[in-house]
Amino acid sequence: MVKQGDTLSAIASQYRTTVSEITETNEIPNPDSLVVGQTIVIPIAGQFYDVQQGDTLTSIAQQFNTTAAELARVNRIQLNTVLQIGFRLYIPPIPKRDIESNAYLEPRGNQVSENLQQAAREASPYLTYLGAFSFQAQRDGTLVAPPLTNLRSIAENQNTTLMMIITNLENQAFSDELGRILLNDDTVKRRLLNEIVENAKRYGFYDIHFDFEYLRPEDREAYNQFLREARDLFHREGLEISTALAPKTSATQQGRWYEAHDYRAHGQIVDFVVLMTYEWGYSGGPAQAVSPIGPVRDVIEYALTEMPANKIVMGQNLYGYDWTLPYTAGGTPARAISPQQAIVIADQNNAEIQYDQTAQAPFFRYTDAENRRHEVWFEDARSIQAKFNLIKELNLRGISYWKLGLSFPQNWLLLSDQFNIVKKTFR
């Protein structure tokens, strides 16, 4: 974390690396004017740890899944050494575990923009799945495909599995009436499922992912039955099935977004679920962390009471928001920004980046040229590390990113450093 007066050359010297290595791996947008509170990933194997009050070699070893003897050996100190606060220990790399990862992208217009294609190319080495949002189901059971320009070849080049995302979007909004028809009209249902299989074979999709939202509460069991029929058909065709679930914390949670999503049934029926654990802070609401660690944990811990951990994929945002203050309901929506853009904004406005330990998320405030106050919440290496720690602690299947197109290089650095990304082969 950058402190007052830090420079890249001093940081590089301190951690025995080079300015160019740090700049290139982090894609640092402000190498000549670092922001206080800015977080930098040091590109080395393993990591460094600064001793805190009360630390011992044993307690630190437990934290990093190693032994006190190993820490003493690699740091060339005695096992009974009394550690001084601030002493920097080198922590050797720990064994990686396998996880699956997914990223959505959302093309606009009639083709995938070059920016999104490039984002897909850069992310694909780190992905199990790549999904274009979305194939929109129609009231007669047909599908309207999104633009897919070059996505198949991009995925195939990195052995990344294409995910076919099916939604009940109608006129740019999730429709409960469309959902009612798709789930309850047997003729429409059969046509939709057959259309999905035909399109999957045509375009090379191997995971079929249902993102049906804002369904009527009374369609809860109809959705479950729809998924059972879909699973049986897809598995016969050699295809996987997955669903996106609203972030619930109880089976009886009320609200249009939640009631038709049956965690226990989905856990029994589909191959895996993606929990949409983000958007607590959203463009139309008050300024706050997009995916605060406490609420994210609450959703996952509830999910674990309804399904096994190896079916749970945690959702994660790749973006933040810049709110204009004061917040008023129905007022100017917050602007979505990348973590890289957030750093540039902080630099341009001489703002110090702070870190909310409760939310485990960075933020800052500034006043623009028109004297309007702003509050920015975004993601950095610390916040994404907190989510990776949660995946490890709860032994989850993996992580799913919404969405590609806003740059966050530190995420991919840490993801590849700490996990082996599963790549699948379908026949």
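Just so you know, residue 1 is the first one in the sequence shown, and it goes up from there.
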**Prompt:** Do Asp219 and Asn184 meet the criterion of a side-chain donor-acceptor pair at a distance under 3.5 Å?
**Reply:** yes

**Request:** Would you kindly say whether Ser33 and Asp347 are connected by a side-chain donor-acceptor distance under 3.5 Å?
**Result:** yes

**Item:** Distance-only polar pair, side chains of Arg191 and Asn194, donor-acceptor under 3.5 Å
**Value:** no

**Item:** Result of checking Thr277, Thr128, Asn102 against Ser400 for side-chain hydrogen bond (donor to acceptor under 3.5 Å, both in side chains)
**Value:** Asn102

**Asked** Under 3.5 Å, is there a donor-acceptor pair linking the side chains of Thr161 and Asp207?
**Response** no

**Asked** Quick one: do the Tyr366 and Asp322 side chains pair a donor with an acceptor below 3.5 Å?
**Response** yes

**Asked** Side chains of Asn168 and Ser175: do they bring a donor and an acceptor to under 3.5 Å?
**Response** no

**Message:** Could you go through Tyr129 and Tyr206, starting from their C-alpha distance and side-chain angles, then the distance that decides it, and tell me whether this counts as ring-ring contact (aromatic ring centres under 6.0 Å, His included)?
**Reply:** CA-CA 9 Å; Tyr129 301 97; Tyr206 286 96; over 10 Å; no

**Prompt:** Hey, are Tyr302 and Gln253 close enough side-chain-wise for a donor-acceptor pair under 3.5 Å?
**Reply:** no

**Asked** Just by modelled atom types, is the Ala119 backbone N or O under 3.5 Å from a matching donor or acceptor in the Glu122 side chain?
**Response** no

**Message:** Tell me if the CD atom of Gln254 is crowded by more than 12 foreign heavy atoms within 6.0 Å.
**Reply:** no

**Message:** Whether the side chain of His261 engages the backbone of Glu213 through a donor-acceptor N/O pair (distance < 3.5 Å, no angle test) should be reported.
**Reply:** no

**Item:** Arg373 and Thr367 side chains, donor-acceptor separation under 3.5 Å
**Value:** no

**Request:** State, without any angle test, whether Asn389 and Gln385 hold a side-chain donor-acceptor pair at a distance under 3.5 Å.
**Result:** yes

**Message:** What I want to check is whether the side chains of Thr142 and Asp140 have a donor and an acceptor closer together than 3.5 Å.
**Reply:** yes

**Prompt:** Are Asn30 and Gln38 close enough that a side-chain donor and a side-chain acceptor fall under 3.5 Å?
**Reply:** yes

**Asked** If you measure only the distance, is there a donor-acceptor pair under 3.5 Å linking the side chains of Glu21 and Tyr15?
**Response** no

**Request:** Would you check if there is a donor-acceptor pair between the side chains of Arg121 and Asn157 at a distance under 3.5 Å?
**Result:** no

**Asked** Between Lys392 and Phe419, is NZ or CZ placed under 6.0 angstrom from the six-membered ring centre and within 45° of the ring axis?
**Response** yes

**Request:** Just grab all the side chain to side chain donor-acceptor pair (under 3.5 Å) pairs involving residues 403-415, residues at least two apart or on different chains.
**Result:** Asn26-Gln410, Glu106-Lys403, Tyr401-Asn411

**Request:** Give a yes or no answer on whether the side chain of Lys311 reaches the backbone of Leu396 with a donor-acceptor pair at less than 3.5 Å.
**Result:** no

**Interatomic spacing from CD1 in Ile337 to CZ in Phe378 - rounded to 0.5 Å** = 7.5 Å

